[in-house]
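Below: one structure, written as structure tokens.
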Amino acid sequence: MFYTDYKLQYPVRVETPDPVFARALQQAIGGIEGEIRVAMQYMFQAWGMRGPSKYRDMLLNTAAEELGHIEMLATAVALNLDGAPLELQEAGAQDAAVGSIMGGRNFRQFLSAGLAALPVDSDGVPFDMSHVYASGNIAGDMYANITAEGTGRTLATRLYHMTQDPGMRDMLAYLIARDTMHQNQWKAVIEELEDERPQMPVPNSFPQEQENQDFNYVYLGFTADGAEPPRGRWSDGPSVDGQGATFSIRPMEPLGEVPDLGPARPGTYPQVAQLPEAEEAQ
């Protein structure tokens, strides 16, 4: 169950309403880097979590926090849309460059939501949950969460750069700080699990002796004309997963055959040239 006390998680104030920035804020709500994504990701990871209950509880607490972030951003969108000064529109009408920027507003925020936020990105595309990752593997999910928070923090810093409004910068500074904590939080889970045994490769429950031993720690080069493949930490020295393996590097050579799917089946209605000779003669 979820509860609310009707108050925002952190203060949200706008000194100079900006409808263009309201559209930009939509990316932090319904974009693939946004708060709907991480809230749903942590929810579904928690609901499917097996094993120690503390990880489920931690995920649910963080998911609830992300719901509060959505509320903050939705409030910020509404405040940026409501009361935008008329001179902004007048300036847009007089200057083609400014007009093109002001024309970047999301009119659905007015037409569909009455000057409020929507569960969409900055282009008005609804969030469809396709970027919610909940694999049931705790290490795999934690790595996915670090990536989610990394892209979310990058977005928040770009939004911070876009605005000079003190209230918006204060709110975004809070969200950026929480992204910092969450990145560390998910990495801390991995480190805690690694106190027992290495977590890579994921899943670490599959017997590694059953995978192809010729390819599990070799960097394959796909460069043409005999060019040297790029070298780095990934190609030389001990592997990073703590399994005692050593990286190597070699050019990739095709090991398979030329694919031949044979003629088409008549019932699929291909062109005559694709049919078996006997069928073509008929």
Side-chain angles (χ1 to χ4, degrees), residues 2-40 42-43 62-95 97-127 148-149 151-182:
F2 299 95
Y3 300 89
T4 179
D5 64 6
Y6 306 114
K7 296 179 181 178
L8 291 172
Q9 186 179 130
Y10 188 84
V12 177
R13 59 187 175 86
V14 175
E15 294 188 10
T16 305
D18 182 348
V20 175
F21 192 62
R23 175 176 178 171
L25 285 172
Q26 284 287 163
Q27 192 69 17
I29 296 176
I32 60 174
E33 315 92 343
E35 303 289 354
I36 293 178
R37 182 264 181 96
V38 289
M40 292 298 99
Y42 304 157
M43 287 288 188
T62 308
E65 176 183 354
E66 303 293 6
L67 291 176
H69 294 175
I70 300 170
E71 182 182 23
M72 290 167 55
L73 288 161
T75 302
V77 167
L79 292 176
N80 272 286
L81 291 171
D82 191 29
L86 182 61
E87 55 265 25
L88 289 177
Q89 301 178 29
E90 294 174 344
Q94 296 172 5
D95 186 278
V98 175
S100 66
I101 296 173
M102 295 307 298
R105 281 177 284 183
N106 184 344
F107 289 105
R108 280 200 60 210
Q109 290 173 328
F110 169 71
L111 298 173
S112 300
L115 299 179
L118 292 160
V120 302
D121 67 12
S122 58
D123 287 331
V125 179
F127 186 74
E149 293 288 346
T151 55
R153 190 173 188 273
T154 300
L155 171 63
T157 58
R158 289 170 178 167
L159 288 167
Y160 186 95
H161 179 75
M162 284 180 65
T163 182
Q164 297 300 317
D165 187 276
M168 288 293 88
R169 283 200 157 191
D170 182 53
M171 179 195 74
L172 289 165
Y174 173 80
L175 295 176
I176 292 167
R178 296 310 297 158
D179 289 336
T180 297
M181 171 57 197
H182 293 158

Could you tell me the separation between the [atom1] atom of [X] and the [atom2] atom of [Y], rounded to the nearest 0.5 Å?
X: Arg153; Y: Ile176; atom1: CZ; atom2: CD1; result: 6.5 Å
X: His69; Y: Asp179; atom1: NE2; atom2: CG; result: 8.0 Å
X: Leu81; Y: Leu79; atom1: CG; atom2: CG; result: 9.0 Å
X: Leu155; Y: Leu172; atom1: CG; atom2: CG; result: 9.0 Å
X: Leu175; Y: Gln9; atom1: CG; atom2: CD; result: 8.0 Å
X: Met171; Y: Arg169; atom1: CE; atom2: CZ; result: 12.5 Å

Is the closest side-chain heavy-atom distance between [X] and [Y] below 4.5 Å?
X: Met168; Y: Leu25; result: yes
X: Met72; Y: Glu35; result: no
X: Asp165; Y: Arg13; result: no
X: Val77; Y: Arg23; result: no
X: His161; Y: Arg158; result: no

Minimum heavy-atom separation for [X] and [Y], please, with both atom names.
X: Arg37; Y: Gly31; result: CB-O, 4.3 Å
X: Leu159; Y: Ala28; result: CD1-CB, 3.9 Å
X: Ala63; Y: Tyr42; result: CB-CB, 3.8 Å

Check your understanding: For Phe2, which residues count as a side chain to side chain contact (heavy atoms under 4.5 Å, CB included) partner, sequence neighbours excluded?
Key -> Met43, Trp47

Exercise for review: Report the residues that fulfil side chain to side chain contact (heavy atoms under 4.5 Å, CB included) with Ile32, sequence neighbours left out, ordered by chain and then residue number.
Suggested key: His131

Are the side chain of [X] and the backbone N or O of [Y] linked by a donor-acceptor pair below 3.5 Å?
X: Thr163; Y: Tyr160; result: no
X: Asp18; Y: Asn80; result: no
X: Asp170; Y: Pro166; result: no

Review point. Got a sec, which residues hit ring pair (Phe, Tyr, Trp, His ring centres under 6.0 Å) with Tyr10, two or more places apart in sequence or on another chain?
Key: Tyr174

Study note, to complete from the structure: side chain to side chain contact (heavy atoms under 4.5 Å, CB included) test vs Phe127 passes for just one of Ile36, Asp121, Ile29, namely Ile36

Exercise for review: Apply side chain to side chain donor-acceptor pair (under 3.5 Å) to Gln27 and Ser122, showing your working.
Suggested key: CA-CA 5 Å; Gln27 192 69 17; Ser122 58; 3.0 Å; yes

